[in-house]
Amino acid sequence: MIDKLNEEINKFLSSFENIEEEKINQIQKKFSTSITDDLNKGHVTTNVSMIAASNLKKSPKDIATALVEWLEKTKKFEKVESAGPGFINITLKRSDFVSTINKINQKSQKFGESDYGKGKSVQIEFVSANPTGPLHVGHGRGAAYGDAIGRILSSSGYKVQKEYYINDAGRQIDILTASVFARIFSDELNGFFPKNAYKGSYISEIALAFKNKNNLKLDIDKTSLIENLPIDEEKEIDELILRLKENYGAWTDIKAFALDEVLKTIRTDLESFDVTFDKWYSESSLGDISDKKSKIKKAIDYLIKNKLAYEDNGAVWLDTSKSGDDKNRVLIRDDGRATYFASDVAYHKDKIDRGFDKLINVWGADHHGYIKRIEASIEGLGFDKEKLDVQLVQFANLFKDGKKVKMSTRSGDFYSLADLINEIGTDAARFYYLSKQADQHLDFDLDLAQADNKENIFYYIQYAHARICSLLEKYNKSFSSMPEDATAISNNTYTNCDKLIHEMSKYPHIVLRAANALQPHLIIYYLKDFAQSFHSFYNDNKVLTESKENTDSIVYCLYAVKIIIANGLKLLGIKPIEKM
RNA sequence: GCGCCUGUAGCUCAGCUGGAUAGAGCAACUGCCUUCUAAGCAGUGGGUCAGGAGUUCGAAUCUCUUCAGGCGCGCCA
């Protein structure tokens, strides 16, 4: 409908004499035609006359009057009027207005999909939590967000690949391994446990599982292993790791086992959160910097060759300040080990080499200082930094009984994603994670997520869906088939559904906006308003006691309402509820 | 110090690339269940969109600035 109107507007603009094409283009770029927020303003509105006014050096009102005349002559619209400072409000012909319901019911689950992305490939990397323990509630938000934008982009015509980057190469994994080691031989080591090791109960579980599988002896001298370790907790564990790596053959076995176990937990947690990945990319597959053929070595060699990386003070640096970073960054330490940054540079090079049109990184907001650096490296590698889009996700604070839930990883006791799912369920959790723009702090109220009143928007929306399901069931029992059109609405004898239909016509635009801005919360707010319109209608109108023709029309319309709610929720990765 | 984010009703927040009288929910007050799910609906009151300046037909939205709050600034990952 908007297209039809814009077409006429363009014809109208061209009809002006002595107008330069460039001016027309400028106007076309700036004006907007949209669905009205309120039926009092008709169905569709445009601000073109106000935009054109300055370009054409005429008053907005004059242009509006001329345009109204033009549009009336086309006879394509029911009513055209100018309003306020120069808006043009258009009332559509009844048949055009009602065709929305037909479209929704015909396209069903596919309603709202588009080819906006034109098949462009997008890679979304998200969660990517260090595999050193179960996911906590902070990771949950990134998981819900990354997955939701994946769903939204797919439905908007993008080819989406979702990827998890496993940081399985660094010091953190060594600490994990040392932690498990210390638990396995807790008795032999007289309860020794490094101060900086991971203390969570999952470590003991992994240790136990390992023990049950491998009947392992501590066949090295334990005093030389744990005596005279540095007091400093950081240095203590590093020294322990060093001794183990040098003297203990089973180190790599424990490491592989621990990593595997943790990843299994992460995968399971994500699955029960309805988040799946197309690819799990292992940092260690980038190889070692000492290996000439490794991806990491090649990436850094490339940078050195192109004089973007240089040696100084025994380390290799990347000139990131050239691209706006406040200082240059180390790629290879003076002891020859690569930094995490070096891996990341190689990883991003690999991503781009894989041919994606766009890369989206979903990062915790605490990494924002890292963006410049990675962008600089992308430019350094000879790519356009616009290819990369970093979306930051702020932390979520959990509230229970009005108090903030403490989350400490140090003590090992923390509120895990699995705990959250157990407590309020996957769908409610996803919903509230997505209920606010991702890059803003979120206060997540656990009590609210379970409340059975209107304030709990999750159930408010679901309730609308369930009510319709119940109605449809009752209708189907009486008539044993569903209506196939909305005659009473089309011929204007029943108009109480008009607001609902009008709201529904906005849905595809909302999805596009969400895709464009990568903001799933727009869908949530739309659904909330839409559910409100439904509840209001439901309260004021009896459905099944109307005349047969009216009932058929309403049911046909409500069927479309149900589709919209279900489709919207699906984009958020949430299953609609049929009975409450 | 530098960078990013935030400031909208008593509270929690929406408000798209500038648009028509700034919107919800909660809280307060008041109505609506002999009928399809009351986890619902309807109504009333409540605002200097942090302050100031600018851009223009038009600013909560864009620019500058002041104030207030949060976060980030490792040869950690």
Side-chain angles (χ1 to χ4, degrees), chain A residues 29-30 32 34 36-38 40-41 45 47 49-51 53-54 59-61 83-87 89 128-130 132 167 169-173 234 283 313-317 324-327 329-335 337-344 364-372 392 394-395 435-437 439-443 445 448 451-460 462-464 466-475 478 509-510 512-514 516-517 519 521-522 524-526 528-529 531-532 534-546 551 579-580:
Chain A
K29 250 186 218 164
K30 279 180 75 182
S32 71
S34 56
T36 59
D37 50 6
D38 180 350
N40 294 327
K41 296 173 185 167
T45 184
N47 62 355
S49 51
M50 273 118 71
I51 300 294
S54 58
S59 89
K61 293 240 177 194
F87 292 100
N89 294 339
S128 300
N130 282 341
T132 54
N167 297 124
R171 173 171 174 259
Q172 301 301 326
I173 299 304
E234 300 277 343
E283 181 186 0
N313 246 328
V316 176
W317 298 71
D325 201 0
D326 19 317
K327 54 175 280 199
R329 308 291 172 169
V330 170
L331 289 165
I332 304 174
R333 300 180 179 92
D334 54 10
D335 64 4
R337 290 178 305 139
T339 58
Y340 173 82
F341 179 49
S343 298
D344 229 11
D366 53 332
H367 284 65
H368 91 255
Y370 197 78
I371 297 176
K372 279 247 164 69
L392 297 178
Q394 278 287 2
F395 290 119
S435 66
K436 213 178 155 183
Q437 209 169 313
D439 67 348
Q440 281 173 38
H441 287 280
L442 173 72
D443 287 341
D445 187 335
L448 175 63
D452 54 358
N453 58 47
K454 187 179 176 174
E455 204 180 344
N456 185 350
I457 326 166
F458 173 67
Y459 282 109
Y460 183 75
Q462 293 283 20
Y463 185 42
R467 274 180 148 177
I468 296 173
C469 288
S470 162
L471 267 182
L472 295 181
E473 201 185 318
K474 287 202 165 68
Y475 177 92
S478 313
H509 303 279
I510 299 291
L512 277 187
R513 260 179 59 199
N516 219 10
Q519 292 179 346
H521 79 284
L522 296 173
I524 286 191
Y525 279 93
Y526 168 79
K528 191 199 108 197
D529 289 343
Q532 171 141 43
F534 165 77
H535 286 306
S536 178
F537 170 84
Y538 184 89
N539 222 266
D540 293 344
N541 300 279
K542 291 295 162 215
V543 177
L544 301 175
T545 51
E546 280 277 344
T551 296
K579 263 201 170 67
M580 286 174 66

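Below, read A as the first sequence line, B as the second, and so on, with proteins coming before strands; counting in each chain starts at 1.
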Integer-rounded Å distance: [N] [atom2] and [X] [atom1]:
X        : N     : atom1 : atom2 : value
A/Asn47  : B/U56 : CG    : P     : 18 Å
A/Asp540 : B/A38 : CG    : P     : 13 Å
A/Tyr460 : B/A38 : OH    : C1'   : 12 Å
A/Asp439 : B/G3  : CG    : C1'   : 15 Å
A/Lys579 : B/A39 : NZ    : C1'   : 16 Å
A/Asp38  : B/A20 : CG    : P     : 12 Å
A/Leu512 : B/U17 : CG    : P     : 15 Å
A/Ile457 : B/A14 : CD1   : P     : 10 Å

Query - Annotated protein contacts, base or backbone, on nucleotides 24-31 of chain B with a non-hydrogen cut-off under 4.0 Å, one of B, S, - each - result: SSS-----
Report task. Give the B/S/- string for nucleotides 69-77 of chain B, one per nucleotide from 5' to 3', where a protein heavy atom under 4.0 Å of the base yields B, of only the sugar-phosphate yields S, and otherwise -. Result -> -SBSSSBSB
Is there a Watson-Crick or G-U wobble partner for [N] with both distances under 3.5 Å, and which nucleotide is it?
N     : result
B/C73 : B/G1
B/C49 : none
B/G7  : B/C67
B/A42 : B/U30
B/U21 : none

Phosphate OP1/OP2 of [N] contacted by [X] side-chain N/O (<4.0 Å):
X        : N     : result
A/Ser470 : B/C36 : no
A/Ser536 : B/A42 : yes
A/Lys474 : B/U37 : yes

[atom1] gap between [N] and [M], integer Å:
N     : M     : atom1 : answer
B/U65 : B/G58 : C1'   : 23 Å
B/C41 : B/G51 : P     : 33 Å
B/A27 : B/G46 : C1'   : 11 Å
B/A77 : B/A14 : P     : 35 Å
B/A68 : B/U30 : P     : 43 Å
B/C5  : B/A28 : P     : 38 Å
B/G40 : B/C33 : C1'   : 10 Å
B/G43 : B/G3  : C1'   : 49 Å

Query raised in the report: Within the modelled atom types, does a donor on one side and an acceptor on the other bring the side chain of A/Asn40 and the base of B/A20 under 3.5 Å apart?
Result: no
Which part of the nucleic acid does [X] contact within heavy-atom distance under 4.0 Å: base, sugar-phosphate only, or nothing?
X        : answer
A/Ala466 : base
A/Gln462 : nothing
A/Tyr525 : sugar-phosphate
A/Ile51  : base
A/Ala517 : nothing
A/Ser34  : nothing

Approximate separation, where rounding is to 0.5 Å, of [X] [atom1] and [Y] [atom2]:
X        : Y        : atom1 : atom2 : answer
A/Met50  : A/Phe87  : CE    : CZ    : 3.5 Å
A/Tyr525 : A/Ile457 : OH    : CD1   : 5.5 Å
A/Lys454 : A/Lys528 : NZ    : NZ    : 8.5 Å
A/His535 : A/Tyr463 : NE2   : OH    : 7.0 Å
A/Ile524 : A/Ile510 : CD1   : CD1   : 13.0 Å

Query - Residues which pass ring-ring contact (aromatic ring centres under 6.0 Å, His included) with A/His368, listed by chain and number, not counting sequence neighbours - result: none
Report task. Please tell me which of A/Leu544 and A/Ala451 maps to the more 5' nucleotide of RNA chain B, matching each residue to the nucleotide holding its nearest heavy atom. Result -> A/Leu544
Query raised in the report: So which one's nearest nucleotide on RNA chain B is more toward 5', A/Phe537 or A/Met50?
Result: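 Here A/Met50 is the residue nearer the 5' end.
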Requested in this report: Fit a plane to each ring of A/Tyr370 and A/Tyr340, take the angle between them on a 0 to 90° scale, and name the class: parallel (under 30°), tilted (30 to 60°) or perpendicular (over 60°).
Outcome: tilted
Requested in this report: Answer yes or no for this row: A/Tyr538 ring on B/G40 base, centroids under 5.5 Å, planes under 30°.
Outcome: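 It does not: the ring fails the test against the base of B/G40.
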Query raised in the report: Is the shortest distance from a Lys or Arg side-chain nitrogen in A/Arg333 or A/Asp335 to a carboxylate oxygen in the other one below 4.0 Å?
Result: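 Looking at A/Arg333 and A/Asp335, the cut-off is not met.
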Query raised in the report: Which residues satisfy the side-chain contact (heavy atoms from CB on, under 4.5 Å) test with A/Ala466, sequence neighbours excluded?
Result: A/Met580
Query - Partner set under side-chain contact (heavy atoms from CB on, under 4.5 Å) for A/Arg171, not counting sequence neighbours - result: A/Ile175, A/Asn196, A/Glu234, A/Ile237, A/Asp238
Query - Per A/Lys542 side chain, nearest of listed nucleotides B/A39, B/C36, B/C13 - result: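 The answer is B/C36.
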**Report entry** Options B/C36, B/U21, B/A39, nucleotide nearest the side-chain atoms of A/Met580
**Finding:** B/A39
Query raised in the report: Is the glycosidic angle of B/C64 within 90° of 0, making it syn, or outside that range, making it anti?
Result: anti
Requested in this report: Would you mind telling me which of A/Asp334, A/Ile332, A/Thr339 makes a side chain to side chain contact (heavy atoms under 4.5 Å, CB included) with A/Val316?
Outcome: A/Ile332
Requested in this report: Considering non-hydrogen atoms only, spot the tightest contact between A/Lys436 and A/Leu442 and give its length.
Outcome: CB-CD1, 3.9 Å
Sequence neighbours left out, cut at 3.5 Å: what donor-acceptor pairs do the side chains of residues 537-545 of chain A make with other protein atoms?
| from | atom 1 | to | atom 2 | distance (Å) |
| --- | --- | --- | --- | --- |
| A/Asn541 | OD1 | A/Asn496 | ND2 | 2.5 |
| A/Asn541 | ND2 | A/Phe537 | O | 2.9 |

